[in-house]
Structure formats: C-alpha cells, structure tokens
Amino acid sequence: PRSRSLRSPAGGSNETTVPPPMAVPVASAPDFQELPVELRFVPDAVRLASGELPPASRKAAVEEAVARADTPAVAVLVGELAFELRLEATALEIGRKQLLQNTGHSPSLALFAKSALALAKLDVLETVAAGLPPPQQNHLRAVVAYERGDVAAVAQTRAWLGDRDEPGR
C-alpha cells in the first residue's frame, strides 16, 4: 500500500500525509492475557486459521487454544479449526468432551459426528451415543445406521424423526 495525501475539507492548503496501513504479524499480536477472558482464544484462532503454523506445532496450538476456551462454543470453534487443519482425532476428542459436558449443544454433536465419520469410528459414535439423552442418541444412531447401510435401523430412525426434519416443511 502507498501513502496518500488528505486535503482539508475547507479547501485550505493543510495537507496531511497518511501512512499506509501496516500489517501486524500474528506473532507480534498482544499477549492473550491482555485481552478480556472471553476474547483470549482469538489470537490462537487467528494463528490456527492463518496457516502460519508449521504442521508439527498445530496440534499443540489447538490444545492450548482449547485450554483457554471459556465456553462450549469457543471450544467447538477451535475443534472446527482443528478439523480443517486435518487434525480429525483432536477434533473428535474436543467434540466428545464438549458433547459429554453439554449434551444439548448441537454444534458439539455435529463436530463429534463429522470427526468420527472422517476417521471411520462408527463404534465410537455408538459408544458415546449410549450415554446421551434420547434425542442425541437417535441422531447418532441415525448416522451409524446410514453409514452401515442398516435399512431396518434407518427406517426406525425415520419413524422417530417423523416429518419434522423434512426439507421444506
């Protein structure tokens, strides 16, 4: 970016030169301790999303970010970043932990299910589903039944879902 000149709105001769915006490297961003608690995950998330971390240090960075997460939503966001970085096993553990702590949190359920599917861990889906409330159990059972081609279980799940989850209804 280049410098630019600004003229006084009154048309005077007072010109001010405005320097170009400077890109601040993520590594020199303020320490997370200087941020309010609910924003302390942001530098970690930016580093993970920016792609500046070498592959060998990504898992440790994800684990640090999850340790700073103060809500299930933030932990799941970090888990989603882990999934995008091809750290499916780490994303699976984040999803499992959040789902077991917050059984009604749909984003946790989604992260857990997609991570387990990416790793072909249908047995893990079934095991965790057994300890969840019926609605979450049924959603995970539907995924497992579909992936295994279990027509009877899919039909049973379809009866449980009814018409409420049909597109356009």
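Sequence positions, counted from 1, serve as the residue numbers for this chain. When reading the values below, keep in mind they use all heavy atoms of this one structure, side chains included, and skip hydrogens, waters and symmetry mates.
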(message) I'd like to know if Lys114 pairs up with Glu80 as an ion pair, taking the criterion as any Lys NZ or Arg NE/NH1/NH2 lying under 4.0 Å from an Asp or Glu carboxylate oxygen.
(response) yes
Rounded to the nearest 0.5 angstrom, the CD-CG distance for Glu147 and Leu117 is 5.0 Å
| message | Could you check whether atom CD of Gln156 has more than 12 heavy atoms from other residues, nucleotides or ligands sitting under 6.0 Å from it? | response | no
Among the clusters formed by ILVMFWY side chains lying less than 4.5 Å apart, do Leu99 and Val144 turn up in the same one? yes
| request: Return yes when atom NZ of Lys59 has more than 12 non-hydrogen atoms of other residues, nucleotides or ligands closer than 6.0 Å, and no otherwise. | output: no
Margin query: Donor-acceptor check, side chain of Thr103 to backbone of Leu100, threshold 3.5 angstrom: yes or no?
Written below: no
Note to self: Any side-chain to backbone donor/acceptor pair from Glu88 onto Phe83? Under 3.5 Å, distance only.
What the structure shows: no
Quick check against the 3.5 Å criterion: does Asp150 have a side-chain atom that pairs as donor or acceptor with the backbone of Ala153?
yes
| query | Taking Ser57 for the side chain and Leu53 for the main chain, is one N or O donor matched with an acceptor at less than 3.5 Å? | reply | no
Those residues at least two apart in sequence (or on a different chain) that pass salt bridge (Lys or Arg N to Asp or Glu O under 4.0 Å) with Glu126 are Arg148
To the nearest 0.5 Å, atom CZ of Phe112 lies from atom CD1 of Ile94 at 13.0 Å
So CG of Leu111 and CD of Glu93: to nearest 0.5 Å the spacing works out to 10.5 Å
dist Leu81:CG -> Asp44:CG (nearest 0.5 Å) comes out at 10.0 Å
